Engineer: 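Sharing a structure here in structure tokens format.
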Amino acid sequence: ASGKRIMNLRIYLTVFLLATLFSQPESYAADKKLSLAAAEYPPYYGEHLPNYGPVTEIIVKAFNKVNYEVSVSFYPWLRGEILAKEGVHDGMIPPWRTKAREAYFAFSEPLFPNELYFYKHKNTHAVFSKQSDLKAYKIGTVRGYANPDWFAEEGLTLEEVSLDLHNLTKLAVGRIDLVLIDKKVAEFLINTEIPEHKNNLERIEPALESRMQYLTLSKKTDNYTKKLADFNKGLKLLKASGEYDKILSKLDL
């Protein structure tokens, strides 16, 4: 009888160990899959760029370093942010940090900054020495972007569109006076999408402000703090390997 009990115990332990062995990889893999929302923001990231753009490549490869699988879906900016905020996607590539966003997003270690400038038509005599002077102009912005707080405080006249390209096109034909846009984004879009207006659009120096980019994860995502810590670890490994700088060199920063 004792021998039978020992045999039954061995069978039970064998079945238990096999069940554990085959169940762990499945749950482990599921916990290491992430879906991220993104918008069109070339040359940093975009649906039709190689590897979805250098910023996306950095984020995906940093996650790969710590054995995560990442999928990316593209939307208009505001729609993508809402889907990430609500947890439909695990996070977003990569919003600027604001107090409002801190309520529903957790932010990674910083990546690198966007340099924001006003652009104007060369025939527009836009002059301003203080923020309130900008009330005289119609300014193009993108729906869902985090504009400087003082835009609202000064009561500036803003016209929102869904894409940066729409703003530059409106600027080129005189429908707005100024566009707030990242320098690299403006250069890319002017050169690739509206080269016929290249000599008509110009940047106003100096930069209005610098905004750091981050990966964000929704606070509705399971174990988001651990996943963000894993990403930060992967980002550190990517930088140590030299891959980060190699990818970033595609932007000529």
Side-chain angles (χ1 to χ4, degrees), residues 38-46 49 53-55 76-81 92-101 110-214 216 248 250-253:
E40 291 296 324
Y41 204 61
Y44 297 105
Y45 41 96
L49 296 174
V55 173
W77 183 273
L78 185 58
R79 177 65 175 160
E81 183 174 356
M92 189 172 188
I93 299 174
W96 300 324
R97 190 166 192 157
T98 66
K99 286 292 184 183
R101 285 173 175 160
L111 299 175
F112 55 89
N114 293 123
E115 297 295 330
L116 301 180
Y117 288 80
F118 279 130
Y119 274 68
K120 71 178 188 68
H121 194 284
K122 70 174 185 179
N123 293 333
T124 299
H125 186 62
V127 178
F128 48 92
S129 58
K130 56 184 183 297
Q131 294 172 354
S132 59
D133 291 341
L134 290 164
K135 291 181 180 181
Y137 305 107
K138 194 181 298 182
I139 302 171
T141 61
V142 175
R143 193 171 296 112
Y145 282 11
N147 296 320
D149 292 338
W150 56 267
F151 274 27
E153 293 168 3
E154 294 290 350
L156 303 186
T157 301
L158 307 180
E159 285 201 7
E160 292 186 332
V161 295
S162 58
L163 295 171
D164 285 291
L165 178 59
H166 295 167
N167 270 332
L168 290 173
T169 303
K170 289 171 67 177
L171 186 65
V173 297
R175 291 175 55 194
I176 52 180
D177 304 305
L178 298 170
V179 165
L180 179 66
I181 189 170
D182 171 86
K183 179 175 71 172
K184 288 289 181 184
V185 174
E187 290 174 353
F188 180 88
L189 292 174
I190 292 170
N191 288 329
T192 61
E193 300 292 337
I194 51 172
E196 66 274 18
H197 295 294
K198 183 175 182 178
N199 295 325
N200 296 325
L201 302 181
E202 56 189 25
R203 184 172 68 246
I204 300 176
E205 299 284 354
L208 189 67
E209 65 176 21
S210 177
R211 287 286 188 98
M212 191 61 69
Q213 299 186 74
Y214 303 83
T216 61
L248 207 58
K250 299 174 185 178
L251 291 170
D252 190 29
L253 293 176

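In this text, all values refer to a predicted model and were calculated from it rather than measured experimentally. Residues: numbered from 1 along the sequence shown.
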Engineer: Which is it for Q213 and V55 under the side-chain contact (heavy atoms from CB on, under 4.5 Å) test, yes or no, and what are the steps along the way?
Structural biologist: CA-CA 9 Å; Q213 299 186 74; V55 173; 4.2 Å; yes

Engineer: Quick one: does N167's side chain have a donor or acceptor within less than 3.5 Å of a partner on T141's backbone?
Structural biologist: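 Between the backbone of T141 and the side chain of N167 there is a qualifying donor-acceptor contact (under 3.5 Å).
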
Engineer: Over all heavy atoms of both residues, which pair between F188 and P42 is shortest? Give the atoms and the distance, please.
Structural biologist: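 It is CE2-CB, 3.4 Å.
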
Engineer: Can you name the closest pair of heavy atoms from S162 and R143 and give their distance?
Structural biologist: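 Scanning both residues completely, I find the closest heavy atoms to be N-NH1, 3.8 Å.
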
Engineer: Between K198 and N191, is any pair of side-chain heavy atoms under 4.5 Å apart?
Structural biologist: yes

Engineer: Please examine the side chains of W150 and L134, heavy atoms only from C-beta on, and report whether any two atoms are closer than 4.5 Å.
Structural biologist: yes

Engineer: How many angstroms lie between CD1 in I194 and OG1 in T169, if you round to the nearest 0.5 Å?
Structural biologist: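 Nearest 0.5 Å value for the CD1-OG1 distance: 4.5 Å.
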
Engineer: Go through the steps to decide whether L163 and L189 satisfy the test side-chain contact (heavy atoms from CB on, under 4.5 Å), and finish with yes or no.
Structural biologist: CA-CA 11 Å; L163 295 171; L189 292 174; over 6 Å; no

Engineer: Kindly compute the distance separating CG (D164) from CD (E193), expressed to the nearest 0.5 Å.
Structural biologist: 11.5 Å

Engineer: If you look at every heavy atom in A39 and Y45, which pair is closest and at what distance?
Structural biologist: O-CD1, 3.2 Å

Engineer: Output, in order, the C-alpha distance, side-chain angles, deciding distance and verdict of side-chain contact (heavy atoms from CB on, under 4.5 Å) for K184 and D252.
Structural biologist: CA-CA 9 Å; K184 288 289 181 184; D252 190 29; 4.1 Å; yes

Engineer: In this structure, are over 12 heavy atoms from other groups packed under 6.0 Å from R79 atom CZ?
Structural biologist: no

Engineer: Which pair of heavy atoms, one from L49 and one from P43, lies closest together, and at what distance?
Structural biologist: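 Shortest heavy-atom separation between L49 and P43 comes out as CD1-O, 3.7 Å.
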
Engineer: Quick one: list whatever passes salt bridge (Lys or Arg N to Asp or Glu O under 4.0 Å) with E159, sequence neighbours left out.
Structural biologist: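 E159: salt bridge (Lys or Arg N to Asp or Glu O under 4.0 Å) contacts with K138, K170.
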
Engineer: How many angstroms lie between atom CG of L171 and atom CG of L201, to the nearest 0.5 angstrom?
Structural biologist: 5.0 Å

Engineer: If only atom types and distance count, is the side chain of R211 paired as donor or acceptor with the main-chain N or O of N114 below 3.5 Å?
Structural biologist: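 Side chain of R211 to backbone of N114: no pair is present.
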
Engineer: Could you list the residues that satisfy salt bridge (Lys or Arg N to Asp or Glu O under 4.0 Å) with K122, not counting sequence neighbours?
Structural biologist: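 Once residues adjacent in sequence are excluded, K122 has no partner under the salt bridge (Lys or Arg N to Asp or Glu O under 4.0 Å) criterion.
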
Engineer: Atom CG in L180, atom OH in Y119: separation rounded to 0.5 Å?
Structural biologist: 11.0 Å

Engineer: Taking only residues two or more places apart in sequence, or in another chain, which ones meet Y137 in a side-chain hydrogen bond (donor to acceptor under 3.5 Å, both in side chains)?
Structural biologist: none

Engineer: Please round to the nearest 0.5 Å and tell me the distance separating atom CH2 of W77 and atom CD of E160.
Structural biologist: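 Between W77 CH2 and E160 CD, I get 13.5 Å after rounding to 0.5 Å.
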
Engineer: Anything under 30° is parallel, anything over 60° is perpendicular, the rest tilted; go ahead and classify Y41 against W96.
Structural biologist: perpendicular

Engineer: Looking at every non-hydrogen atom in both residues, tell me the closest pair between A172 and H121 and how far apart they are.
Structural biologist: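 Looking at all heavy atoms of both residues, the closest pair is O-CD2, 3.5 Å.
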
Engineer: Could you give me the CA-CA distance, side-chain angles and deciding distance for D133 and V127, then say whether side-chain contact (heavy atoms from CB on, under 4.5 Å) is met?
Structural biologist: CA-CA 8 Å; D133 291 341; V127 178; over 6 Å; no

Engineer: Would you say the side chain of M212 lies within less than 4.5 Å of the side chain of R97, judging by non-hydrogen atoms?
Structural biologist: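 No. Closest side-chain heavy atoms not under 4.5 Å.
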
Engineer: What's the separation between atom OG1 in T157 and atom CD1 in I139, rounded to the nearest 0.5 Å?
Structural biologist: 7.5 Å

Engineer: Say whether, by atom type as modelled, one donor and one acceptor occur between the side chain of D182 and the main chain of L116 under 3.5 angstrom.
Structural biologist: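 Pair absent, no side-chain N/O of D182 close to backbone of L116.
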
Engineer: Write down the atom of P148, the atom of L208, and the distance for their closest heavy-atom approach.
Structural biologist: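 Reported closest heavy-atom pair: CG-CD2, 4.3 Å.
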
Engineer: Answer whether the closest heavy-atom distance between the side chains of Q131 and F151 falls below 4.5 Å.
Structural biologist: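 Answer no - side chains too far apart.
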
